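Each remark here refers to the structure printed beneath this line.
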Amino acid sequence: MKLILFSVFLLIAYSALAQQDSLPPPIDIEQLPSNDGRLARVDATPKFPGGEQAMVDYLKKNLRYPDAMRQARVEGAAHVAFTIAASGELENIRVLSGIPEGELLDQEALRVVQEMPRWEPAQVNGVPVPMEYVLPVTFKVTN
């Protein structure tokens, strides 16, 4: 179940950070072959306060590219996984997959997510529920 939810939210996170005009079509959880009846469709997915653009703005403002990594021109995306609790607090924050030879970048991605404000939690039948989320935090050297 976590793998399926991880896959769904990884796609959503990628589309949010890429600032695409359209999101991929939703996946019908009820039609997945692996759904044995325990998977539920959420009525509302978790949201960063202010929406996707506010999250992009937050990352631009708060993310610091470590000088040593910038000079070495180390780039990539650290995928930070966390649980958005029913209260909106972020819990179990961890680097799911890091940047090769970019431990300082992974640490910075982790730091900026740990300092995020409370999110609007996912909801099922109007009730807030916890949900896993994976956020790719991208580092790119610009001239």
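Basis for what follows: all heavy atoms, side chains included, without hydrogens, waters or symmetry-related copies. All of these numbers come straight from a predicted model, not from anything done at the bench. Starting from 1, each residue takes its place in the sequence as its number.
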Q: Evaluate side-chain contact (heavy atoms from CB on, under 4.5 Å) for L135 paired with M116, printing each intermediate quantity in order.
A: CA-CA 12 Å; L135 178 66; M116 281 184 164; 3.6 Å; yes
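- Scanning for side-chain hydrogen bond (donor to acceptor under 3.5 Å, both in side chains) contacts around S87 gives an empty result, with sequence neighbours left out.
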Q: Evaluate the criterion side-chain contact (heavy atoms from CB on, under 4.5 Å) for residue pair L110 and I93; output intermediate values, then yes/no.
A: CA-CA 7 Å; L110 192 61; I93 303 168; 3.5 Å; yes
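- Evaluation of the salt bridge (Lys or Arg N to Asp or Glu O under 4.0 Å) test over residues 79-89, restricted to residues two or more places apart or in two chains, returns E89-R118.
- Among residue pairs with one or both ends in residues 94-128, those qualifying as ring pair (Phe, Tyr, Trp, His ring centres under 6.0 Å) are F48-W119, F82-W119, W119-Y133; sequence neighbours excluded.
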Q: Please assess R94 against V80 for the test side-chain contact (heavy atoms from CB on, under 4.5 Å), listing each intermediate value before the final yes or no.
A: CA-CA 6 Å; R94 66 217 179 269; V80 180; over 6 Å; no
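- With a 4.5 Å cut-off on side-chain heavy atoms, N125 and D43 count as touching.
- Residues P49 and A54 come closest through the heavy atom pair O-CB, 3.4 Å.
- By the 4.5 Å heavy-atom criterion applied to side chains, L90 and Q114 are not counted as neighbours.
- Considering only residues two or more places apart in sequence or on other chains, D57 meets the side-chain contact (heavy atoms from CB on, under 4.5 Å) condition with Q53.
- Across I84 and P121, no two heavy atoms sit closer than the pair CG2-CA, 4.1 Å.
- Applying the side-chain contact (heavy atoms from CB on, under 4.5 Å) test to Q123 and every residue at least two apart in sequence or in another chain returns A44.
- The list of salt bridge (Lys or Arg N to Asp or Glu O under 4.0 Å) pairs with a residue in residues 99-112, not counting sequence neighbours, reads E108-R111, R111-E115.
- In this structure, a donor-acceptor pair under 3.5 Å is absent between the side chains of T83 and E91.
- A78 approaches A109 most closely through the heavy-atom pair CB-CB, 3.8 Å.
- For the atom pair CD of Q107 and CD1 of I99, the computed distance is 11.5 Å after rounding to the nearest 0.5 Å.
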Quiz: residues 65-76 side-chain donor-acceptor pairs under 3.5 angstrom, not counting sequence neighbours:
| from | atom 1 | to | atom 2 | distance (Å) |
| --- | --- | --- | --- | --- |
| Y65 | OH | V74 | O | 2.4 |
| E75 | OE2 | V141 | N | 2.8 |

